[in-house]
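Any value given below was found using the heavy atoms of this structure, including those in side chains, with hydrogens, waters and symmetry copies removed.
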Amino acid sequence: QPADAIPPVPLPGGGTLPVAQPATSAASQSVPSAPETLEPESVILVCKTIRLIGRLTGRGSSLPGQIALKLDPDILSKIKMPPYIVAVTGSNGKTSTVELIARILKDARKSFAYNKEGSNQIEGVTTLILEHCTFSGKVKPEIILIESDERFAKYTFRYFSPTHYIITNLYRDQLTRNGHPEWVAHAIEESIRPETQLVLNADDPLVSKFGLGRDNTVYFGADRLPQSTDSCTSLYNDGKYCPNCKQPLEYAFYHYNHIGKFHCPSCGLRSCPTAYTVTSADLDESSVVINEKYRLRLAFSSFYMMYNTLAAFAAASLLGVAPESIVRSISDYTLQNGRIVRFAIGRHPGVLLASKHENSVSYDQSLRAAVAGGRPKTVIIIVDAVSRKYFTSDVSWLWDIDFELLKSENVQRIVLAGLYCNDLATRFDYTEIPQEKITVISDIGEAVSWLAENAVGEILAVTCFSDKGKFLSHVQPQKEAKP
């Protein structure tokens, strides 16, 4: 009897029940085994070729890496990595921070490559690395700069470790996909290696916690500023309880939402001393000072841009770029990634702020920009598709956004547009904003026509990447000269 034969089953009254045995026919023996993986040189060649075709046809940067991983799932473990691998992750600011770092490295004439298109999962990162390595598997630039999706970083960094890992912040973001920010924090924790130097936002408790018990950690943050508050002014507070021991946190001050100077009386988690600090700032004048010495201007004034700039300053400094050079590179630098787009509707100038749907903190920061400066403004908010990556009709996140900010006197008119305009209108019913200020128009094109005739002052458009193009197709984008 063959060694792998299944024995018969004994019956209670004696005897046995025969069991069907595995097939041993020639046909079954001829089933081919799984093919061996290709040589790394071949996988790299395939990736480079598909990437070249993609560039010529305007296709994205994920497909070459996706095919390379199909050919050899362990291809990244076979690549000789460069001396420096800088990764940036977090709920918000990844793309902008990476672009700022790239700008600095380019001006400093550093040898580097980065995923400019923002393909930030393992497929896009694989494309980036294989595109910039030799056929023998050695990465050519000295620095690889990676934007990494916060949920999937643990898969990307299974095969190699960043030398520097910048974590910007953790917020409520895409409930359907990410659940709670603490769940995302657990996912990021799985991507952290002992040999990696962490560069952490000291003002975010969920991020600061990653540095507990580690020596190889650098922190960045901001001192108390004129815009800081003694209490949390958001509709909810994800910093109410310590992410380490779950006891109440105490704050010396807040910058926004749960970002500020905190400490836990129970376990000792606190905002750690910062090596890179915004020591003063005048956001009305778009000016910040880092480490009491280095003054630079923000092309767009907001807490978000301030923290992104500070994170880039910290990363570039750790890579050996002189602070004076950093200031020259990014002072008044206009991002080219489409997060901020200037346009005109008739005689009215406007600014579109790409704010992530399902991310209330992102919306809050955009709304704060609407009331900043005190100049008359008209605000249009568009929710036509909740996500560009998956379908969901969940709009519960609208109730986490502090639309009450738009009660400011300088906000003259508010337009609610898109498929979910009535959900927006219902949410606005629960604010104290006068109804005569609010106009509801489902069709985006009709909303733009209304703005051309009725807008007052500058127009601020707030929407997500899923809806940005629908709006810009009806307006006159103002091309900014690339610095």
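More than 12 heavy atoms of other residues, nucleotides or ligands sit less than 6.0 Å from atom CD of E324. Heavy-atom neighbours of F428 CZ from other residues, nucleotides or ligands within 6.0 Å: above the threshold of 12. The number of heavy-atom neighbours closer than 6.0 Å to CZ of F152, taken from other residues, nucleotides and ligands shown, is above 12. Counting non-hydrogen atoms of neighbouring residues, nucleotides and ligands closer than 6.0 angstrom, the CD atom of E292 reaches no more than 12 such neighbours. When the shell of 6.0 Å around OH of Y155 is examined, it contains 12 or fewer heavy atoms from other residues, nucleotides or ligands. More than 12 heavy atoms of other shown residues, nucleotides or ligands fall within 6.0 angstrom of atom NZ in K246.
Of the possible donor and acceptor atoms, none in the side chain of S362 sits under 3.5 Å from a partner among the backbone N and O of N359. Formation of a donor-acceptor pair under 3.5 Å by the E404 side chain with backbone atoms of E432 is found in this model. Proximity of a side-chain donor or acceptor of S228 to a complementary backbone N or O of R224 within less than 3.5 Å is not detected. Using modelled atom types, no side-chain atom of N115 and backbone atom of L128 make a donor-acceptor pair closer than 3.5 Å. Using a distance-only test at 3.5 Å, with no hydrogens or angles considered, no donor-acceptor pair links the side chain of R328 to the main chain of P323. Proximity of a side-chain donor or acceptor of D204 to a complementary backbone N or O of L170 within less than 3.5 Å is detected. For K106 (side chain) and S111 (main-chain N/O), no donor-acceptor pair under 3.5 Å exists by modelled atom type. In this structure, the side chain of N257 does not engage the main chain of I259 through any donor-acceptor pair within 3.5 Å. A donor-acceptor pair under 3.5 Å is absent between the side-chain atoms of N216 and the main chain of L198, judged by distance alone. Listed for the D282 side chain is a donor-acceptor partner under 3.5 Å among the backbone atoms of E285.
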- [ ] Please assess Y165 against S191 for the test side-chain hydrogen bond (donor to acceptor under 3.5 Å, both in side chains), listing each intermediate value before the final yes or no.
- [x] CA-CA 10 Å; Y165 199 179; S191 72; 2.8 Å; yes
TODO: Apply side-chain hydrogen bond (donor to acceptor under 3.5 Å, both in side chains) to Q412 and T378, showing your working.
DONE: CA-CA 6 Å; Q412 305 285 303; T378 296; over 6 Å; no
Open item on the list: Could you go through K209 and L212, starting from their C-alpha distance and side-chain angles, then the distance that decides it, and tell me whether this counts as side-chain contact (heavy atoms from CB on, under 4.5 Å)?
Closed with: CA-CA 6 Å; K209 177 178 176 287; L212 281 177; 4.0 Å; yes
Task: Candidate pair R297 and V288, rule side-chain contact (heavy atoms from CB on, under 4.5 Å), full reasoning - done: CA-CA 6 Å; R297 287 185 55 79; V288 300; over 6 Å; no
- [ ] Dump the intermediate steps for side-chain contact (heavy atoms from CB on, under 4.5 Å) on C267 and C242, then the final yes or no.
- [x] CA-CA 9 Å; C267 73; C242 175; 3.6 Å; yes
Open item on the list: side-chain hydrogen bond (donor to acceptor under 3.5 Å, both in side chains), that's the test. Do R295 and S287 meet it? Break it down for me.
Closed with: CA-CA 7 Å; R295 181 181 298 275; S287 173; 3.0 Å; yes
Open item on the list: As a quick check of understanding, evaluate side-chain contact (heavy atoms from CB on, under 4.5 Å) for F220 and L200, giving each step before the final call.
Closed with: CA-CA 6 Å; F220 61 91; L200 304 179; 5.6 Å; no
Task: S360 vs Y236, side-chain hydrogen bond (donor to acceptor under 3.5 Å, both in side chains): CA-CA, chis, key distance, verdict - done: CA-CA 10 Å; S360 56; Y236 62 90; 2.5 Å; yes
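Separation of the Y430 and F403 ring centroids does not fall under the 6.0 Å cut-off. Aromatic pair F343/F471: ring centres closer than 6.0 Å. Aromatic pair Y304/Y307: ring centres not closer than 6.0 Å. Ring to ring, Y251 and H258 are not that close: their centroids are 6.0 angstrom or more apart.
Within the structure, every pair that satisfies the salt bridge (charged side-chain N to carboxylate O under 4.0 Å, His left out) test and touches residues 87-96, not counting sequence neighbours, is listed here: K94-E150.
Counting only N and O atoms by type, the side chains of Y114 and E99 include no donor and acceptor under 3.5 Å apart. Using modelled atom types and a 3.5 Å distance limit, the side chains of S61 and T127 yield no donor-acceptor pair. Side chains of S302 and Q365: a donor-acceptor N/O pair is absent below 3.5 angstrom, by distance only. Side-chain polar atoms of S96 and R339 form no donor-acceptor pair below 3.5 angstrom.
Contact check for Y420 versus V386: side-chain heavy atoms found under the 4.5 Å cut-off.
Geometric assessment of R193 against the ring of F157 yields a negative cation-pi assignment under the 6.0 Å and 45° thresholds.
Ion pair K78/D74 not flagged as a salt bridge, since none of the NZ, NE, NH1 or NH2 atoms sits closer than 4.0 Å to an Asp/Glu carboxylate oxygen.
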